[in-house]
Amino acid sequence: MATGTEPPATEPQPRSGGVRAGTRAAIDAPHLRTDRWWLAPAGTVAGLLAFIVYSTWRAFANADYYAAPYVSPFYSPCLAENCEPMKAGPNWEIFGGWWGISPAIIILIFPLGFRLTCYYYRKAYYRGFWASPPACAVAEPHQKYTGETRFPLVLQNIHRYFFYAALLVAGILTYDTVLAFRDENYEWGHMGLGTLVFLVNIVLIWAYTLSCHSCRHVVGGKLKHFSKHPVRYRMWQWVGKLNARHMLLAWASLVSVALADFYVYLVASGAFDDPRLF
């Protein structure tokens with residue numbers, strides 16, 4: 001080895017453990033990046049915190065979530081007796097009358113579980129909230145890394161099962177979007193601004209759900225010979241193109257579902273009248 005490539009024996013070694021272990025390069029600076037690398041994790045924290053605060057408020061509000069023909073995606077399907085009556089809507093009183101708090105708590109566990117265990121969101125909040133690591137080529141402050149092998153992070157492995165639940169929820173929200181082509185008297189053949197909001201939301205929800213890594217694996221991940229499965233191969237290619245935009249679709253659908261709920265809140269609370277297009 002060339003002279004001078006190793007630090008002198010008298011030079012203090014980096015602290016033991018984690019990325020500062022003695023086997024790593026002896027560099028005094030915490031990192032060598034000169035760009036504003038902290039903007040991305042800071043923006044992630046701000047965006048996710050805003051959604052957490054808003055969705056928590058709306059989930060526990062238990063009010064202003066239905067204005068015929070629109071039902072908030074946070075409350076659909078409504079599975080308790082204390083739901084607002086929705087004609088031909090997603091009223092399924094599976095939980096009966098014993099459920100005393102907001103019915104949104106019952107259903108939100110499935111779409112939130114899908115997003116919490118999503119591969120993109122894991123990277124986003126691991127970096128933003130836990131600084132693990134905060135950015136590429138920036139050392140994390142933790143002494144050691146255990147990955148997703150311990151509780152509670154080991155539960156991230158059930159993402160594939162939340163994917164199937166997310167498909168069911170997306171199907172129900174599609175039904176709600178179809179119902180949005182009625183007016184306040186439940187007459188068909190009408191369209192309001194809220195209908196457009198619901199249409200945009202459901203397109204983004206489906207795009208995000210189908211761009212999921214688990215979906216890509218289900219469609220073609222186990223195939224050994226694409227030539228023998230041309231239909232699945234084409235589906236796999238299509239899902240792969242969506243998967244390349246998974247991050248964009250994750251944020252776009254997160255914003256759209258919040259805006260759809262907020263729109264229903266404005267109409268249901270009387271703060272805004274839904275404009276009719278026809």
Side-chain angles (χ1 to χ4, degrees), residues 44 47-62 64-66 70-80 83-84 86 89-92 94-95 99 101-125 129 152 155-180 197-218 239 242-243 245-265:
T44 297
L48 292 180
L49 273 180
F51 181 80
I52 290 171
V53 171
Y54 174 79
S55 60
T56 300
W57 165 58
R58 289 293 294 141
F60 283 95
N62 195 20
D64 300 323
Y65 59 84
Y66 181 67
Y70 310 124
V71 56
S72 164
F74 287 3
Y75 286 80
S76 181
C78 215
L79 303 178
C83 297
E84 290 285 340
M86 295 177 275
N91 279 100
W92 305 331
I94 299 176
F95 278 68
W99 186 266
I101 60 177
S102 173
I105 308 302
I106 304 174
I107 194 61
L108 279 180
I109 185 62
F110 299 107
L112 288 180
F114 178 61
R115 288 183 183 268
L116 281 173
T117 58
C118 165
Y119 292 116
Y120 165 69
Y121 280 114
R122 292 189 214 179
K123 185 194 84 169
Y125 62 75
F129 289 92
L155 296 179
Q156 302 280 29
N157 295 312
I158 64 177
H159 175 64
R160 69 192 71 178
Y161 303 110
F162 274 119
F163 165 68
Y164 297 120
L167 287 177
L168 178 60
V169 172
I172 295 171
L173 296 183
T174 302
Y175 174 72
D176 294 341
T177 303
V178 173
L179 295 182
V197 172
F198 273 54
L199 280 172
V200 172
N201 178 58
I202 196 57
V203 168
L204 291 175
I205 289 293
W206 273 114
Y208 166 63
T209 304
L210 296 180
S211 71
C212 169
H213 296 74
S214 293
C215 179
R216 191 166 182 260
H217 178 73
V218 168
V239 172
L242 285 177
N243 182 258
R245 296 170 174 79
H246 194 49
M247 179 183 73
L248 175 63
L249 293 172
W251 280 105
S253 60
L254 191 73
V255 172
S256 72
V257 73
L259 288 178
D261 171 82
F262 187 63
Y263 188 88
V264 175
Y265 165 74

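Owing to the predicted nature of the structure, the values given are computational and were not obtained by experimental measurement.
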State, yes or no, whether a side-chain contact exists between L108 and S55 at a heavy-atom distance under 4.5 Å.
no

Report the C-alpha distance between Y175 and V71 in whole Å, list the side-chain angles of each, state the deciding distance to 0.1 Å, and finish with yes or no for side chain to side chain contact (heavy atoms under 4.5 Å, CB included).
CA-CA 11 Å; Y175 174 72; V71 56; over 6 Å; no

Is any side-chain heavy atom of Y121 less than 4.5 Å from a side-chain heavy atom of L48?
yes

Can you name the residues that form a side-chain hydrogen bond (donor to acceptor under 3.5 Å, both in side chains) with Y164, not counting sequence neighbours?
none

So, do W206 and T174 sit near enough that their side-chain heavy atoms are less than 4.5 Å apart?
yes

Check whether any side-chain N or O of T209 sits under 3.5 Å from a backbone N or O of L167 as a donor-acceptor pair, and report yes or no.
no

For the CG atom of L249 and the OG atom of S256, what is their distance to the nearest 0.5 Å?
10.0 Å

The single option from I107, N62, I106 passing side-chain contact (heavy atoms from CB on, under 4.5 Å) against Y75
N62

Check whether more than 12 heavy atoms from other residues, nucleotides or ligands sit under 6.0 Å from atom OH of Y120, and answer yes or no.
yes

Kindly confirm or rule out an SG-SG distance below 2.5 Å between C212 and C118.
no

Taking side-chain contact (heavy atoms from CB on, under 4.5 Å) as the test, write out the residues that go with Y54, two or more places apart.
W57, R58, F74, A258, D261, F262

List the atom of Q156, the atom of L116, and the distance in Å for their closest heavy-atom pair.
OE1-O, 3.5 Å

To the nearest 0.5 angstrom, please state how far the NE2 atom of H159 sits from the CZ atom of R115.
11.0 Å

What do you reckon, is CZ of F129 surrounded by more than 12 foreign heavy atoms closer than 6.0 Å?
yes

Under 4.5 Å between any side-chain heavy atoms of V264 and F198, yes or no?
yes

Quick one: does W251's side chain have a donor or acceptor within less than 3.5 Å of a partner on S253's backbone?
no

Under 3.5 Å, side chain of Y66 to main-chain N/O of C83, donor-acceptor pair present?
no

Considering non-hydrogen atoms only, spot the tightest contact between T44 and A124 and give its length.
CG2-O, 3.5 Å

Looking only at non-hydrogen atoms, find the nearest pair between I202 and A170 and report the distance.
CD1-O, 3.6 Å

Can you say whether the rings of H213 and H246 are parallel (under 30°), tilted (30 to 60°) or perpendicular (over 60°)?
perpendicular

Shortest non-hydrogen contact between Y65 and C78, atoms and distance
OH-SG, 4.2 Å

For a 4.5 angstrom cut-off between non-hydrogen side-chain atoms, does I105 reach F60?
yes

Backbone N or O of P73 within a donor-acceptor pair of the S76 side chain at under 3.5 Å?
no

For a quick test of reading the model, state the closest non-hydrogen atom pair linking G89 to L179 and the distance between them.
CA-CD1, 3.8 Å

Backbone N or O of E84 within a donor-acceptor pair of the N91 side chain at under 3.5 Å?
yes

Under a 3.5 Å distance rule, please check whether R216 uses its side chain to pair with a backbone N or O of L242 as donor and acceptor.
no

Indicate the atoms forming the closest heavy-atom contact of F162 with T117, along with that distance.
CD1-OG1, 4.0 Å

